[in-house]
There are 2 protein chains.
Amino acid sequence: MQEKTKRARRLPREVRERQILDAAVEVFSANGYHAASMDEVAEVAGVSKPMVYTYLGSKEDLFAKCIRREAKRLLDAVAEGVDTDMSPDMQLWSGLRSFFSFVGDNRSSWLVLHRQALSVGGSFAEEISQMRARSIELVAAVVVATGTRQGIGEQAEKSAEGLAAALVGAAESLAVWWLDHPDVSDGLLASWLMNLVWLGFGDLVKGEVWTPNLPAAT
Amino acid sequence: MQEKTKRARRLPREVRERQILDAAVEVFSANGYHAASMDEVAEVAGVSKPMVYTYLGSKEDLFAKCIRREAKRLLDAVAEGVDTDMSPDMQLWSGLRSFFSFVGDNRSSWLVLHRQALSVGGSFAEEISQMRARSIELVAAVVVATGTRQGIGEQAEKSAEGLAAALVGAAESLAVWWLDHPDVSDGLLASWLMNLVWLGFGDLVKGEVWTPNLPAAT
DNA sequence: TAGTAAACCTACCGACGAGTAGATTACGAG
DNA sequence: CTCGTAATCTACTCGTCGGTAGGTTTACTA
């Protein structure tokens, strides 16, 4: 009577865990941590609630695992495109391209990391902050390298971390803006930001443009 | 027996409303919208729960009123320091100074606006997004003015809104970074960001610095 | 000083959602 | 074939929290 392929049943644990995590990312990113219910996660995942608890633990556990997985994916994606042997501006450029590319392909991941993780005042809120801080430090390293390589940077070095924070925030904000303006390519976004932070408005209005193969000012 | 000044009692409605709103901003900023309870708001405000409902309405109403009040305060603070007759770079400079000054003096306001408002998926989440969008448009206007004033900006004009979004995000991110590094003055933050967006890294490492009295490039 | 309106409270309800108890069913090994 | 174990479900408990009913107290006013 019932078709035998009605529903994928009795799947091995690891597969179910992945499905549940996927569902959780979706639900958390759509509703936010508090508004999301475990029932909904279970429903989206196509399993019953006790499975979620058996495999992934409490709601906090589940959320933490989502965050960690997605953060790792994002960081890996960015790291893959960046080679520390490249010149600082090329490192920035590559990182930005990878970042926007990832966000474009993984909206839910990005939303759950950016919007939800910060607003949860728990133990892993700190964890997330630290991840973001690490990212900032990586960028700061590039900023410092930019300065030292050119033998400058008294003030720039001191303020490197702040500048890096600003840059990271600019990228994040641009990613959010992107959600409302999808008719722009990821590469274009990256080039906008690269021009902004490398040349600044002062140079931009003079018509200068930064390009990958023609770095720095003319 | 009991001192007659034991507790401020029987206060007029408008005073109580302000107290409750103040408490709500505090509680929402500390715990987030969902985790915050009306009981706690009432307790912090020093009144009983029905008063909160009688005066401010439902939890959503209360939150919306918090958001609107604090957003207005922030926007007014920034607008006060900016004169549209000034040159674009001076407008940016003044706006940034006002912004960081406000954030420094009103951490809770800033937190409730930045962290909580975005993560609540409701009707006013949209409202908040629109407020932020308006801010971005204001900045975009300055960016465009920068371009047109100097007779350029084909690409810059087209990307003005994106650049403005990036700039706003950079300021927000720097404000968040500030929470963990309070040993920096608001003015210094503003000057960092101003140097970044006006000159860019490319110029910064060459030792150029933007100063209020010596605007634009030499 | 009585009367009235506004300020204010205690005590409760109902819904919702995290988390669990305990049974049940399918798959693989021997 | 059967038997153990892993996968899975239904159906509950219980705490929390948004929201309210209904009464009580204070201050002002005529």
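Here is how names work: the chains are called A, B, and so on, in the same order as the sequence lines, proteins then strands, and each is numbered from 1. Keep in mind that the numbers below use all heavy atoms, side chains included, and drop hydrogens, waters and symmetry copies.
- Protein atom OH of A:Tyr55 is 10 Å distant from nucleotide atom P of D:dA6, rounded to whole Å.
- A salt bridge links B:Glu70 with B:Arg73; the closest basic N to acidic carboxylate O contact falls under 4.0 Å.
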Nucleotide-resolved protein contact map, nucleotides 12-30 of chain C, B/S/- at heavy-atom distance under 4.0 Å = ------BBBB---BB----
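- Here D:dT20 presents its C1' atom at 15 Å from CE of B:Met51, a figure rounded to the nearest Å.
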Which is it for A:Lys49 and A:Glu43 under the salt bridge (Lys or Arg N to Asp or Glu O under 4.0 Å) test, yes or no, and what are the steps along the way?
-> CA-CA 8 Å; A:Lys49 199 161 49 151; A:Glu43 186 187 320; over 6 Å; no
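- At least one side-chain nitrogen or oxygen of A:Arg16 sits closer than 4.0 Å to the OP1 or OP2 atom of D:dT8.
- Counting to the nearest Å, the C1' atom of C:dC8 and the CD1 atom of B:Ile20 are 11 Å from each other.
- Between A:Arg13 and A:Glu17, at least one side-chain N (NZ, or NE/NH1/NH2) sits under 4.0 Å from a carboxylate O, which counts as a salt bridge.
- Distance CD (B:Glu43) to C1' (C:dC8): 17 Å, rounded to an integer number of Å.
- Protein atom CZ of B:Phe28 is 13 Å distant from nucleotide atom P of D:dC17, rounded to whole Å.
- Rounded to an integer number of Å, the gap from A:Glu17 CD to D:dA6 P is 14 Å.
- Rounded to an integer number of Å, the gap from A:Leu11 CG to D:dA6 C1' is 13 Å.
- Taking the six-membered ring where tryptophan is involved, the planes of A:Tyr33 and A:Phe28 are essentially parallel, since the angle between them stays under 30° and well short of 60°.
- Judged as a ring pair (Phe, Tyr, Trp, His ring centres under 6.0 Å), and not counting sequence neighbours, A:Phe100 has no contacts.
- Between B:Ser173 and A:Arg132, some side-chain heavy-atom pair lies under the 4.5 Å cut-off.
- The CZ atom of B:Arg18 sits 16 Å away from the P atom of C:dA7 (whole-angstrom rounding).
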